[in-house]
*Asks:* 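The structure that follows is given in the form of structure tokens.
Naming convention: chains lettered A, B, ... in sequence-line order (proteins, then strands); numbering from 1 in each chain.
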Amino acid sequence: MMDDRYNPEKVESRWQEYWEKNHIFRASEDDSKKKYYLLEMFPYPSGKIHMGHVRNYTIGDVVARYKRMNGYNVLHPMGWDAFGMPAENAAIDNKTHPATWTYQNISTMKSQLKRMGFSYDWEREVATCKPDYYRWEQWLFIKMLEKDMVYRKESYVNWCEHCQTVLANEQVEDDSCWRCGEMVQQKKLFQWFFRITDYAEDLLIYCDKLPGWPEKVTLMQKNWIGKSTGSEISFKIETKSSKEEYIKVFTTRPDTLFGATFMCLAPEHPLVESLSKGTEQESAVAAFVDKISKQERSSSSIEKYEKEGVFVGAWCINPANGRRMPIYTANFALMEYGTGAVMSVPAHDQRDFDFAKKYNLDIVVVIQPKDRETLDPETMTAACPDSGVLVNSDKYSGMDNFEAMDKITSWLEKEGLGKKTISFRLRDWGISRQRYWGTPIPVIHCESCGVVPVSESDLPITLPEDAHLLDNGGSPLPTLDFFKKTVCPKCGRTDAKRDTDTMDTFVESSWYFVRYCSPHFSTAMFDKDAVKYWMPVDQYIGGVEHAILHLLYSRYFMRVLNTLGLIDFKEPFTNLLTQGMVLKETLKCPEHGYLFPEEAKISDGKASCTKCGKDVEIGRVIKMSKSKKNVIDPNDLLNKYGADITRLFCLFASPPEKGLEWNDDGVEGCYRFINRVWRLAATCIEMTKNSIEAINVDKNVDSNRKTFLPYSGPLSGLLDSDAKKLYAKAHQTIKKVTDDIEGSFHFNTAISAVMELVNAMYSIELNANSSDEIKSVALFCIEHIILLLSPIVPHFAEEVWELMGNKSGSITKQSWSSYREDALVTDELLVVVQINGKLRSKFSIDANSNDEVIKSMALADEIIQKHIEGKEIKKVIVVKKKLVNIVV
RNA sequence: GCCGAAGUGGUGGAAUUGGUAGACACGCUAGACUUAGGAUCUAGUACCGCGAGGUGUGGAAGUUCAAGUCUUCUCUUCGGUACCA
């Protein structure tokens, strides 16, 4: 006897235990089956899971279960992106160790994920903070070092003088240290860089070879890589000495060369110091450079700084026309882009124009756009970047500017003063972090030998766990002699020092999906055969916030492994789904500030604070975040509704790529739907059970089992019109659900389709007195409703499946429903009739009627007759079996 | 500034080789069953209008027998990026 409603508490834990005990989701390589590697972005173990995780992993789990039912050998792993700064902060705040905090969080979150019923192969769990994981990252670092894929150079970090520590960009608030409020400075340090720019072109080209990725993501990556073609041009520096010196610039507009009137160098450009030395500008330049170096460089604060510069006290010569160009150093010139020097053409570049106006520099027009009055430097109020015809450009005057780009560049090339080149916005990847909770960089610094890699046999270099975090947030590693002091592996010097920096945590997440293929492999980074079988990932699912960095770094890492001959592919993720954020309105009390949803009482669109009773301002619907308190705790949902209802709502409320607006009433609706199905199943079970004795053996009854079988034959085998309609509807539903999942993961419409079928079943009477046909068709329907829903609400489906008498085991072993083409179409069709495009009438016809019949029926229609009376029919358009439009 | 996406009932959202706009759900209204119901079931629900009918997919124009869907312009919102030479 069934309970009268679905009881998640009882049912869900039971099936979770069953799945675990029977290793239902264990994956292993099997050449006889098609593989499907389904991956969701692994979480940072920050404490407990939030709704974003719930949504992401629910989407993934449904796909995993769906693919299994479709016969795929599915790899669906989960793990932890376990290194990172929050652990350090928590450790300082709570006086614990980052490891303790991290492992505690992992354990909490793991039990939460298990409670959601996700079908992971937990035997493949990976935590990146474990030495058996990061040792292979260190190994790879050494391999990359051998191949010159990684190098050291000086680079700036955010530095807090008060705390004596490095700050990450997110720890800089308003140019100040988040911990103490001191102004943040820029400090130069030697740091490690991956040569990702070596792959810039390849990464770019393959953006167009990823048809399974959302276009917006590849577009963002393309913009991030930022390829621009142009020319490199050398400008001779005017000196008294005989030695010839040049400034190299990169420009995308060599056609404007004749209009270049001054030069701007990045403050860090080596020529800035050498050229100003000994001139009367020397001190002014030094002061300027010093000032810029103290400015914060994060993108958010850049726009606050006005464009400014200082004359360095030297000139260079424009190779095109011999003009003397003053050399400036300017804050907008970036050392990291191009050559760190800009030829400034104020007439045709807005930034240069502003600069020239400010410092009263010459403006020379060299491009005259067609259909525009003659440009005059005296009266121009803005630069003119448009294309046109060259003027004031010697023999190039009169030439179209696009043609001139090529012509001028090849002339320069002949003179040895320039060439065509390409520049990328993408920079090399700086991976050194002056942090504790990360992968130690496996190199040793020796005064005799320089930088020496740790020998492979000494790996892993484990992060010392008996370290105490410093209160100022700095890394304790440089203070730990037992870690830092070591022997040079090359010369044996005993005063060698270990690198005390750790790697950017994006490094771990750039290859974890490869490790999942053979997570316990202890003799190499991965088992080649396992990787060959599983990789690349067939479907990757995660937040769009990782559209650039994580995904680009992962693509880069696969190229590194490919170059090193470790793998034979380049792209890690064949298909990508970026799911939208989980949103909720904010609530703000004038007295208590932001409120959690449970701290406000909402009725009729008005809210009041439960603490003070004041009116609460209901704000915009925005991404759930702790700071705005517009959050829903998954634990509360699990306690109240269980996993399946939570999963169902996440999928039903909107398509995965869009935002999901959280709404408690919507969850309640899902709960109702599940119980509707539950009762329907109960009805079907009762109905057929009571029939056994009364019914004679016929085509619908299995005489051996003495029980009803679902009808699965052709539509034409049914006589009852209700049974026919329902049966067709069932097949249409199977098709719709399959298409919606297969094509676009649009679970919301798939669920709607099932709801329609359920509604259709409720609309006919089902009881012991129903006809055999109805009973048999109903049984078919309910069986497929459960199968179609099983990836979405797996516990519920297992329970009902068992109650329906399927003793053979888990529904996860069942095949996905298939539909009969011959059962999709009913013999009646609805035709709508329009007059001048406006809907006037509709009628049903036999499915086999031809256009002529439909047309005459339309014209004969009573309502239509009334409308066309006394009017001239100009034209009648018949759309096959669908519509008639009469033009009068 | 540049790039991209999206604007549809009271709400979340359906519908695009151009062919019934509003599936499904929430909310709301009425009714039934009940000692009671925030349980369940039935009916209704884009807007205006008593009605016939008219109007409706951010706004304006256009193509078409027919436009949420195609074209042009425009407004708003969201996301990415931002001194890239």
*Asks:* Distance between the P atoms of B:A32 and B:A23, in whole angstroms?
*Replies:* 27 Å

*Asks:* Quick check on B:U55: is either OP1 or OP2 less than 4.0 Å from any side-chain nitrogen or oxygen of A:Lys838?
*Replies:* yes

*Asks:* Tell me if a side-chain donor or acceptor on A:Arg253 pairs with a main-chain N or O of A:Pro385 at a distance below 3.5 Å.
*Replies:* yes

*Asks:* Hey, which sits more toward the 5' end of RNA chain B by its nearest nucleotide, A:Phe250 or A:Arg676?
*Replies:* A:Arg676

*Asks:* Is A:Glu215 atom CD crowded by more than 12 heavy atoms from other residues, nucleotides or ligands, each under 6.0 Å away?
*Replies:* no

*Asks:* Should A:Glu657 and A:Lys216 count as an ion pair when the cut-off is N to O under 4.0 Å?
*Replies:* no

*Asks:* Within the 4.0 Å heavy-atom criterion, would you say A:Val887 contacts the bases, only the backbone, or no part of the nucleic acid?
*Replies:* sugar-phosphate

*Asks:* Within a 6.0 Å radius of atom CD on A:Glu9, are there more than 12 heavy atoms belonging to other residues, nucleotides or ligands?
*Replies:* no

*Asks:* With rounding to the nearest 0.5 Å, note down the distance linking CH2 in A:Trp662 to CZ in A:Phe649.
*Replies:* 5.5 Å

*Asks:* Provide the distance between the two P atoms, one in B:G31 and one in B:G38, to the nearest whole Å.
*Replies:* 14 Å

*Asks:* What is the distance from OH of A:Tyr6 to P of B:A39, rounded to the nearest Å?
*Replies:* 20 Å

*Asks:* Between B:A21 and B:G68, how far apart are the C1' atoms? Round to whole Å, please.
*Replies:* 7 Å

*Asks:* Could you tell me how far apart A:Leu883 (CG) and B:C65 (P) are, to the nearest whole angstrom?
*Replies:* 15 Å

*Asks:* Can you confirm whether A:Thr218 sits close enough to A:Asp208 that some side-chain heavy atom of one is under 4.5 Å from a side-chain heavy atom of the other?
*Replies:* no

*Asks:* Rounded off to whole Å, could you give me the CD1-to-P distance for the A:Ile835 and B:G53 pair?
*Replies:* 11 Å

*Asks:* Picking from B:A14, B:G12, B:U81, which would you name as closest to the side chain of A:Arg425?
*Replies:* B:U81

*Asks:* Please confirm whether the shortest side-chain N or O distance from A:Arg840 to OP1 or OP2 of B:U20 is below 4.0 Å.
*Replies:* no

*Asks:* So A:Thr339, base contact, sugar-phosphate only, or nothing? Heavy-atom distance under 4.0 Å.
*Replies:* nothing

*Asks:* Would you mind classifying the nucleic acid contact of A:Gln834 as base, sugar-phosphate or nothing, using non-hydrogen atoms under 4.0 angstrom?
*Replies:* base

*Asks:* Measure distances between side-chain N and O atoms of A:Asn885 and base N and O atoms of B:C65, and say whether any donor-acceptor pair falls under 3.5 Å.
*Replies:* yes

*Asks:* Quick check for you: among B:A23, B:A85, B:U81, whose closest atom lies nearest to any side-chain atom of A:Trp224?
*Replies:* B:U81

*Asks:* Regarding A:Arg427, tell me which of base, sugar-phosphate or nothing describes its non-hydrogen contacts under 4.0 Å with the strands shown.
*Replies:* base

*Asks:* What's A:Leu830 touching, base or sugar-phosphate or nothing? Going by heavy atoms closer than 4.0 Å.
*Replies:* base

*Asks:* Just to be sure I understand the rule, does A:Phe424 reach a base, reach only the sugar-phosphate, or reach nothing, if contact means heavy atoms closer than 4.0 Å?
*Replies:* nothing

*Asks:* Applying a 4.0 Å non-hydrogen cut-off, can you work out what A:Gly669 is touching in the nucleic acid: base, sugar-phosphate, or nothing?
*Replies:* sugar-phosphate

*Asks:* Please report the distance separating the P of B:C26 from the corresponding atom of B:C41, rounded so that it comes out in whole Å.
*Replies:* 10 Å

*Asks:* Within the structure shown, what part of the strands sits under 4.0 Å from A:Lys882 by heavy-atom distance: base, sugar-phosphate, or nothing?
*Replies:* sugar-phosphate

*Asks:* What is the pairing partner of B:G4, taking Watson-Crick or G-U wobble pairs with both distances under 3.5 Å in any strand?
*Replies:* B:C78

*Asks:* Taking only the P atom of each, what is the distance from B:G7 to B:A15 in whole angstrom?
*Replies:* 12 Å

*Asks:* So what does A:Gly309 touch, heavy atoms closer than 4.0 Å: a base, only the sugar-phosphate, or nothing?
*Replies:* nothing

*Asks:* Rounding to an integer number of Å, can you tell me how far A:Ile886 CD1 sits from B:C65 C1'?
*Replies:* 11 Å

*Asks:* Contact class for A:Ala333 vs. all strands (heavy atom < 4.0 Å): base, sugar-phosphate, or nothing?
*Replies:* base

*Asks:* Look at the rings of A:Phe355 and A:Tyr359 and say which category their plane angle falls in: under 30° parallel, 30 to 60° tilted, over 60° perpendicular.
*Replies:* tilted

*Asks:* Using the P atom on both, measure B:A60 against B:C78 and round to a whole Å.
*Replies:* 23 Å

*Asks:* Taking only the side-chain heavy atoms of A:Ile877 (C-beta and beyond), determine which of B:C65, B:A85, B:G13 contains the nearest atom.
*Replies:* B:C65

*Asks:* Closest approach to the side chain of A:Val342, judged atom by atom: which nucleotide of B:C3, B:G12, B:A85 is it?
*Replies:* B:A85

*Asks:* What interatomic distance, in whole Å, is found between C1' of B:U57 and the corresponding atom of B:U16?
*Replies:* 13 Å

*Asks:* Mapping A:Met220 and A:Asp349 to their closest nucleotides on RNA chain B, which lands nearer the 5' end?
*Replies:* A:Met220

*Asks:* Within the supplied structure, the quantity of interest is the number of heavy atoms (other residues, nucleotides, ligands) at a distance under 6.0 Å from A:Lys640 NZ; does it exceed 12?
*Replies:* no

*Asks:* With a 4.0 Å limit, can you tell me whether A:Arg672 has a side-chain N or O closer than that to the phosphate oxygens OP1/OP2 of B:C26?
*Replies:* yes

*Asks:* Since syn is defined as within 90° of 0, does B:G9 count as syn or as anti?
*Replies:* syn

*Asks:* On the nucleotide B:A14, are OP1 or OP2 found under 4.0 Å from the side-chain N or O atoms that A:Asn748 carries?
*Replies:* yes

*Asks:* Would you mind classifying the nucleic acid contact of A:Asn223 as base, sugar-phosphate or nothing, using non-hydrogen atoms under 4.0 angstrom?
*Replies:* sugar-phosphate

*Asks:* Heavy atoms only, 4.0 Å cut-off, all strands: where does A:Lys874 land among base, sugar-phosphate and nothing?
*Replies:* nothing

*Asks:* When we call it a touch if two heavy atoms are under 4.0 Å apart, what does A:Asn759 touch: a base, just sugar-phosphate, or nothing?
*Replies:* sugar-phosphate

*Asks:* Write down the distance separating the P atoms in B:C24 and B:G44, rounded off to the nearest Å.
*Replies:* 12 Å

